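Fair warning: this is a prediction, and the values are worked out from it, not measured in the lab. Reminder, nothing fancy here: chain letters follow the sequence lines and each chain counts from 1.
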Amino acid sequence: MPDKIAVFKDVSYKYPRSDDFVLLDLNLEIYEGEFLGIIGSTGVGKTTICLALNGIVPQFYGGRFFGSVHVGGLDTVEHPISAMANYVGQVFEDPETQLISTSVENEIAFALENLKVSREVIIERIPQALSAVRLEGTEKKHPHELSGGQKQRLAIAAAIAVQPSLLILDEPTSQLDPVGAEEVFATAHELNQELDMTIVMASHSAEEMAAFADRIALVSNGQIVAIGPPDEIYADIEILESNDLRPPQVANTFYSINKRGISVPKIPVNLNDALPMLDSLSELSQSAEFILSDPEEVTGEALLSVKDLAHVYPDGTKALHGVSVDIAKGEYVLIIGQNGAGKSTLVKHFLNLLQPTEGVVKVGDVDTEEVSVSDLARRIGYVAQNPDNQIFNASVGEEIAFALKNLDFDDEEVETRTVESLEAMGLTEVRDMHPLALPKGDRARVVIGAILAMKPEIIIFDEPTTGQDYRGAKYILEISRDLHKMGKTVIVITHHLYLMPEYAERVVVMGKGTILLDDVIRKAFHETETLKSTYLSAPQAVHLSQEMQKLNSAFPPLLTPGEFADYFAFEGSAS
Amino acid sequence: MSMMKFQTVERDSFFSRLDFRPKLFMVAVVTIVAFVWESPMLQIGLAGTITVACLLVGVKWSYIRTILLIMIPFYALLLLTHAFFNRDQVMALRGIESVNQLSRVFTFPENWPFIGGSFATWEGLNYGFNVIFKTLTLTLIIPLAVFTTEVDNMIVGMVRAKIPYKIAFIFSSTLRFFPLLIEEFSMIIEAQRLRGLAMEKMRPIKRVRVYAKVAVPLILGALVKSQQLEVVLQSKAFSGSPDRTYLHESILRPSDYALIIFFVLFFIAAFYLLIAFGIGTFGGPI
């Protein structure tokens, strides 16, 4: 057994001005050279565990702290944070706020300068750190010039330049697109395998954690409720679900199959482990009750029409070219693609926030260029990623009425629509509360309610699932489904493809400023090569389904673990 | 789309290769001399020289033009107030005892309501030009020094010039995070427009009220970010202590000494000519 590098002993902690303990009698041992994953829903104490490892909790925050945390034999309460920084490197969630310097080399040098490392040694370590994260040649660049994944890799480089014994990454991929997330996981894996660096990572990315971590610690209400290798923790679907966590799709698929009465020797948590198990499944017959249910294709006149759209930014960047797409009333459309593929640029044309360099965008019969942004807002509602940037008023009621007053509705109409919208979003009881006093999910509901009050025909959700845990992401997507049922046309942009089969009907895949694919979700998600070309990966259930098709050409193109489980005839069912 | 950044000149020049300390010295000397001089002709000469220097080292004309456009209403107001109302000061500076001895440039007809009979003086106008070019010099000397220096070198130069490290760090953090704040401001305004707010149809007072409402999410966002930043700084062993090492060196080369000597001589000459011959005074030989 390797040596312990960090030990939490009976740790309880309460933030100042908080009524509850965020950590409660927590015990945890971290071993040298391991990759420890920390999972748990938002607010259970994952970040606090990370911050306790370098003494920021409690030394910086204050509050009430009981028990002890030792890292490399040093008590994190008794040693100043600056001394702990020699042993513990930390990477945070937001790539923007954690890079504090104006050049890449300065970012790496900053902690070393603070630790009084000599200039000669700093000069030696900069290329070493950049090489470890594959960012060579970027020394003189401004951090703004880097992509999201590169920024997080730079944050890792800055942390490892100090040569810490322990590297902590707190939700490092939650703000990144799939390419960026892959870069960060691959870098952490390499550091762990090649440099034998101990890694502690808190993350919601179940598939990646299952693939890279040696052990997983499941945190709930400030305690470790389960700890073990990924194939033990991620195979325990009940405990994950009871903690609002999403299991890897492959584990969920085999769990669902097992639950249907088909015996599965072991629940795999990685795709590669699952593939050999498909042979026995291919011998099973199809359940007579299985029907592939797809939503009816929505046809009719285009509500939103884009024809030969091109857009060139003032700096010469060609963001869109030759984009043509029609969206009919009542459709639920998913727009996907890597960062820079042109998704946001396209959506900004819908809203007239950008004007076409070439081509036309129409809402109904109206050319968007001919109406103002505010007038267009009556027809298209836009929900941005961060609800807090869209809250301007002192009460929920005022927030809902804000747009209505701007649009010069009379007082009676404002009141009627406000009441309707509050009811539709379940916010009637909090009408007089300050929106910022509500939980994040409810704040998103306030913003959506405010948009709904304008009675728009189209509602666009831009990255609604980014930075959310599983429960938070589902919460917003459920609202999108309700709006769709109300007859609204819904457009969602997200990188989290695994969440969408239950909601979206049609998928527009974008890459390099153009539309690569536009099809119903079942066909689009099975065009795995096209998805790969824009750095997207289909959900694991799709890959499993395609592997099954290699064994049985009649196997249908499935999308979800649920469909997979329903497909097979089990003992006692009709086949 | 790329995020807005503070301007740095792209052109490599004698000036961009200089250490930040001689540039700080230059800023100090030019500022003092511009304050002391009251001669419009010398102020025009100084402002003109600084403008040409800015253009030669690569500060974009579009930037200078923007500054001029922003300042034009302010300059027009300065000129009018000095021409019509600055009597006592110019009379004292020129040793004139009676208002009638001032040279009139323009007089409003007596029968005009409120302003009838008031007049603009040549001396007031001249003093207005002095103030205008003084402010222009002070406005352009900053980009001449700042835009031609990498932020890293600026920090080390400031610390070597005995400016406390904490102040130097706040300066560099402002350069790093101010663009983020501007971007957030634009996003909030955009969110309001998407909620039916027709900024383009608004009167200025209503527009100001809208901007005031932006403060809520903006301040909230800034508070969250500043706390995140504090945690990040803590994790990077930052204590604000000047007892630290620096990656970048600040070494004074012969060209840096040459600039310092030039401005020492300029400073001495300006004060000698001012005291001995009155050159630089209002109404002096030049």
message: How long is the straight-line distance from NZ of A/Lys116 back to CZ of B/Arg244, given to the nearest 0.5 Å?
response: 11.0 Å
query: Counting heavy-atom pairs under 4.5 Å to chain B, which of A/Leu407, A/Ile451, A/Val117 comes out on top?
result: A/Val117
query: Most heavy-atom pairs under 4.5 angstrom with chain B, which of A/Asn352, A/Leu99, A/Leu376, A/Val88?
result: A/Leu99
message: Looking at every heavy atom in both B/Gly196 and A/Asn406, which two are closest together, and how far apart are they?
response: O-CB, 3.2 Å
message: With a 4.5 angstrom heavy-atom cut-off, is it the side chain or the backbone of A/Asp408 that approaches chain B, or both, or neither?
response: neither
query: Hey, does A/Gln390 have a side-chain heavy atom less than 4.5 Å from the side chain of B/Met187?
result: no
message: Can you confirm whether B/Thr245 sits close enough to A/Arg119 that some side-chain heavy atom of one is under 4.5 Å from a side-chain heavy atom of the other?
response: no
- line: Okay, A/Ile56 and chain B: the region with an atom under 4.5 Å from a heavy atom over there is side chain
- line: So, the part of A/Asn393 with a heavy atom under 4.5 Å from chain B: the answer is side chain
field: Candidate pair B/Arg193 and A/Tyr382, rule side chain to side chain contact (heavy atoms under 4.5 Å, CB included), full reasoning
entry: CA-CA 11 Å; B/Arg193 292 174 71 203; A/Tyr382 176 77; over 6 Å; no
Contact class of A/Phe392 relative to chain B, heavy atoms under 4.5 angstrom: both
B/Asp243 side, atom CG; A/Asn114 side, atom CG - distance, nearest 0.5 Å: 10.5 Å
query: Got a sec: does the CG of B/Leu69 have more than 12 other heavy atoms crowding it under 6.0 Å?
result: yes
task: Could you tell me whether the side chain of B/His248 reaches within less than 4.5 Å of the side chain of A/Asn106, counting heavy atoms only?
output: yes
message: Below 4.5 Å, heavy-atom pairs only: which of A/Thr317, A/Leu353, A/Leu112 has the largest tally toward chain B?
response: A/Leu353
- request: Go through the atoms of A/Leu436 and report whether side chain, backbone, both or neither lie under 4.5 Å from a heavy atom of chain B.
  value: side chain
Atom group of A/Ala384 that falls short of 4.5 Å from chain B, counting heavy atoms: neither
- prompt: Hey, does A/Leu351 have a side-chain heavy atom less than 4.5 Å from the side chain of B/Glu190?
  reply: no
- prompt: Any salt bridge between A/Lys140 and B/Glu150, counting N to O under 4.0 Å?
  reply: no
message: Within a 6.0 Å radius of atom CZ on B/Phe266, are there more than 12 heavy atoms belonging to other residues, nucleotides or ligands?
response: yes
query: Between A/Ile126 and chain B, which part of the residue has a heavy atom less than 4.5 Å away: side chain, backbone, both or neither?
result: side chain
message: At a 4.5 Å cut-off on heavy atoms, which part of A/Ser101 comes close to chain B: side chain, backbone, both, or neither?
response: backbone
message: So for B/Leu194, is it side chain, backbone, both, or neither that comes closer than 4.5 Å to the heavy atoms of chain A?
response: both
task: Report, as yes or no, whether the 6.0 Å neighbourhood of atom OH on A/Tyr87 holds more than 12 heavy atoms from other residues, nucleotides or ligands.
output: no
query: Which bit of B/Tyr165 comes within less than 4.5 Å of chain A, counting heavy atoms only: side chain, backbone, both or neither?
result: side chain
query: Between B/Gln192 and chain A, which part of the residue has a heavy atom less than 4.5 Å away: side chain, backbone, both or neither?
result: both
- prompt: Given that the side chain runs from C-beta out, which part of A/Asp94 has a heavy atom under 4.5 Å from chain B: side chain, backbone, both or neither?
  reply: side chain
- prompt: Does any non-hydrogen side-chain atom of B/Leu247 lie less than 4.5 Å from one of A/Ile108?
  reply: no
Between B/Gln228 and A/Thr97: side-chain donor-acceptor atoms closer than 3.5 Å: yes
- request: In sequence, state the C-alpha distance, the side-chain angles, and the governing distance for A/Phe110 and B/Leu233, and then conclude on side chain to side chain contact (heavy atoms under 4.5 Å, CB included).
  value: CA-CA 9 Å; A/Phe110 184 74; B/Leu233 289 174; 3.8 Å; yes
field: Best-contacting candidate, A/Val373, A/Ile380, A/Val162, A/Ile123, against chain B by heavy atom pairs under 4.5 angstrom
entry: A/Val373
- prompt: Is any side-chain heavy atom of A/Leu51 closer than 4.5 Å to a side-chain heavy atom of B/Val231?
  reply: yes
message: Do A/Tyr61 and B/Gln227 have side chains that approach each other closer than 4.5 Å (heavy atoms only, starting at C-beta)?
response: yes
message: Counting heavy-atom pairs closer than 4.5 Å to chain B, which one of A/Ala319, A/Ala83, A/Ser82, A/Ser372 comes out on top?
response: A/Ser82
- request: Let me know if B/Ser235 has heavy atoms under 4.5 Å from chain A in its side chain, its backbone, both or neither.
  value: both
field: Any residue meeting salt bridge (charged side-chain N to carboxylate O under 4.0 Å, His left out) with A/Arg443, in chain and number order, not counting sequence neighbours
entry: A/Asp388
- prompt: By a 4.5 Å heavy-atom criterion (distance strictly below it), what part of A/Glu105 contacts chain B: side chain, backbone, both, or neither?
  reply: both
task: Please flag which part of A/Phe60 lies under 4.5 Å from any non-hydrogen atom of chain B: side chain, backbone, both or neither.
output: side chain
query: So, do B/Tyr246 and A/Ile122 sit near enough that their side-chain heavy atoms are less than 4.5 Å apart?
result: no
query: Do B/Arg195 side-chain atoms and A/Gly381 backbone N/O form a donor-acceptor pair below 3.5 Å?
result: no
field: Salt bridge flag under 4.0 Å for residues A/Glu107 and B/Lys236
entry: yes
